[in-house]
Amino acid sequence: MSKITTFGKVTASIALASLMLAGCSSNNDSPQSNSSTKNSSKVNSTKSQTKKAVKENTTKLKTQEINLSQSEALNKFNEQFKDKKIKEIELELENNKYIYKIDGFDMNKEYTVNIDANSGKILNTHSEKLDLDEHLQKGINLDKTISREEASKIAEKHATGTSQEWKLEQDNNQTIWEVKVVSANKETDVKIDAINKKVLHVEKD
């Protein structure tokens with residue numbers, strides 16, 4: 001009889017424990033659980049905003065590594081290839097370093113000089129014969145074009161983010177600044193008439 005009573009008590013204890021566990025499980029769907037989910041969403045949102053801020057700050061830090069101005073880069077080009085017309089000036093990131101790529105030409109050849117925008121070191125030079133259809137091309141009139149800084153300000157009014165890469169070129173006898181504006185989650189290319197400052201095209205990637 002004693003054994004039966006003990007068994008009954010054990011059975012009752014197990015049943016009570018099962019009810020308590022069921023209650024705990026039910027509490028997981030309570031408002032407190034929903035609050036935990038909301039807090040998790042807030043944490044994820046904060047992390048996303050932090051990543052965005054870090055990326056934009058990194059972009060700004062990289063642009064501060066451009067120690068060589070465009071005119072100084074052109075002077076270095078002229079030291080290598082004197083009295084050439086300028087076809088294109090590009091400033092882009094390559095392996096986390098800013099590089100000037102300047103193309104010029106004369107009646108016979110095209111000339112290219114790549115320059116480290118931080119140290120001013122000439123990385124390489126190259127020349128090759130012009131194609132037949134390039135003999136009538138016109139060089140960029142640098143006295144009439146807006147600066148890279150002004151092109152950046154215009155581009156950033158039409159795209160969210162920070163200007164990161166630039167190209168000044170001749171396209172169908174029109175001088176154009178092409179500016180890449182970068183934010184945390186997208187890139188936007190803005191083309192600007194380098195003479196009259198008109199925005200010609202905005203393309204989001």
Side-chain angles (χ1 to χ4, degrees), residues 48-79 81 84-105 110-123 134 136-205:
S48 177
Q49 290 173 357
T50 302
K51 286 181 180 179
K52 180 178 179 180
V54 168
K55 184 165 183 178
E56 289 180 351
N57 287 336
T58 301
T59 301
K60 290 176 183 177
L61 286 173
K62 284 177 178 176
T63 55
Q64 290 175 4
E65 294 174 3
I66 305 171
N67 294 325
L68 199 70
S69 69
Q70 180 172 291
S71 59
E72 289 171 329
L74 286 166
N75 287 338
K76 288 184 176 291
F77 175 89
N78 288 327
E79 288 172 6
F81 303 112
K84 308 303 179 189
K85 294 179 180 179
I86 300 301
K87 177 182 179 180
E88 181 177 297
I89 303 171
E90 189 169 5
L91 182 57
E92 65 176 3
L93 275 169
E94 231 177 61
N95 298 322
N96 288 322
K97 289 171 58 177
Y98 270 106
I99 306 295
Y100 277 103
K101 296 182 178 181
I102 302 178
D103 292 336
F105 64 96
E110 184 174 20
Y111 308 88
T112 302
V113 178
N114 293 346
I115 308 163
D116 188 312
N118 182 28
S119 67
K121 179 182 178 182
I122 293 177
L123 302 175
E134 294 179 317
L136 298 178
Q137 66 183 326
K138 294 181 179 180
I140 296 172
N141 187 339
L142 294 169
D143 293 331
K144 292 185 177 181
T145 61
I146 60 174
S147 67
R148 184 177 72 238
E149 290 76 14
E150 188 168 359
S152 296
K153 289 178 182 178
I154 295 170
E156 288 169 13
K157 287 180 180 178
H158 291 78
T160 302
T162 304
S163 299
Q164 190 178 69
E165 294 186 339
W166 304 262
K167 183 192 290 185
L168 180 64
E169 63 180 346
Q170 286 286 89
D171 186 9
N172 293 324
N173 292 323
Q174 187 175 26
T175 309
I176 294 172
W177 269 112
E178 184 173 343
V179 184
K180 179 186 285 186
V181 181
V182 178
S183 66
N185 55 3
K186 64 182 176 182
E187 295 180 356
T188 307
D189 291 325
V190 183
K191 289 188 176 183
I192 305 161
D193 188 307
I195 307 297
N196 64 24
K197 309 179 186 180
K198 181 181 178 181
V199 173
L200 304 172
H201 184 66
V202 177
E203 182 177 350
K204 296 179 181 179
D205 293 338

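These numbers were taken from a predicted model, which means no experiment stands behind them.
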Under 3.5 Å, which donor-acceptor pairs link side chains of residues 148-155 to any protein atom two or more places apart or in another chain?
from : atom 1 : to   : atom 2 : distance (Å)
R148 : NH1    : Y100 : OH     : 3.2
E150 : OE2    : K197 : NZ     : 2.8
S152 : OG     : R148 : O      : 3.0
S152 : OG     : W166 : NE1    : 2.7

[X] [atom1] to [Y] [atom2] distance, which is reported to the nearest 0.5 Å:
{"X": "K167", "Y": "E92", "atom1": "NZ", "atom2": "CD", "value": "8.0 Å"}
{"X": "I86", "Y": "Q170", "atom1": "CD1", "atom2": "CD", "value": "11.5 Å"}
{"X": "D116", "Y": "N67", "atom1": "CG", "atom2": "CG", "value": "9.0 Å"}
{"X": "D103", "Y": "F81", "atom1": "CG", "atom2": "CZ", "value": "10.5 Å"}
{"X": "K85", "Y": "Q137", "atom1": "NZ", "atom2": "CD", "value": "8.5 Å"}
{"X": "T162", "Y": "E156", "atom1": "OG1", "atom2": "CD", "value": "5.5 Å"}

- Return yes when atom NZ of K76 has more than 12 non-hydrogen atoms of other residues, nucleotides or ligands closer than 6.0 Å, and no otherwise.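 Correct, the count exceeds 12.
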- Counting only heavy atoms not in K191, do more than 12 sit closer than 6.0 Å to its NZ atom?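 Result for NZ/K191: open.
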Provide the closest heavy-atom pair for [X] versus [Y] in the form atom of the first, atom of the second, distance.
{"X": "W177", "Y": "A194", "value": "CD1-CB, 3.6 Å"}
{"X": "L68", "Y": "G120", "value": "CD2-CA, 4.0 Å"}
{"X": "L91", "Y": "A117", "value": "CD1-CB, 3.9 Å"}
{"X": "K87", "Y": "I140", "value": "O-CD1, 3.4 Å"}

- Across all chains, not counting sequence neighbours, the side chain to side chain contact (heavy atoms under 4.5 Å, CB included) partners of N196 are D193, K198
- Query: What residue among I192, L142, V179 forms side chain to side chain contact (heavy atoms under 4.5 Å, CB included) with L168?
  - Reply: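 The side chain to side chain contact (heavy atoms under 4.5 Å, CB included) with L168 is passed solely by L142 among I192, L142, V179.
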- Query: What residue among E90, E94, E169 forms salt bridge (Lys or Arg N to Asp or Glu O under 4.0 Å) with K101?
  - Reply: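 When E90, E94, E169 are each tested with K101, the salt bridge (Lys or Arg N to Asp or Glu O under 4.0 Å) holds only for E94.
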- Output yes when a side-chain donor or acceptor of Y111 lies under 3.5 Å from a complementary backbone atom of I102, and no otherwise. no
- Taking E165 for the side chain and L93 for the main chain, is one N or O donor matched with an acceptor at less than 3.5 Å?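 Here the side-chain-to-backbone pair exists.
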- Hey, does D205 have a side-chain heavy atom less than 4.5 Å from the side chain of D189? yes
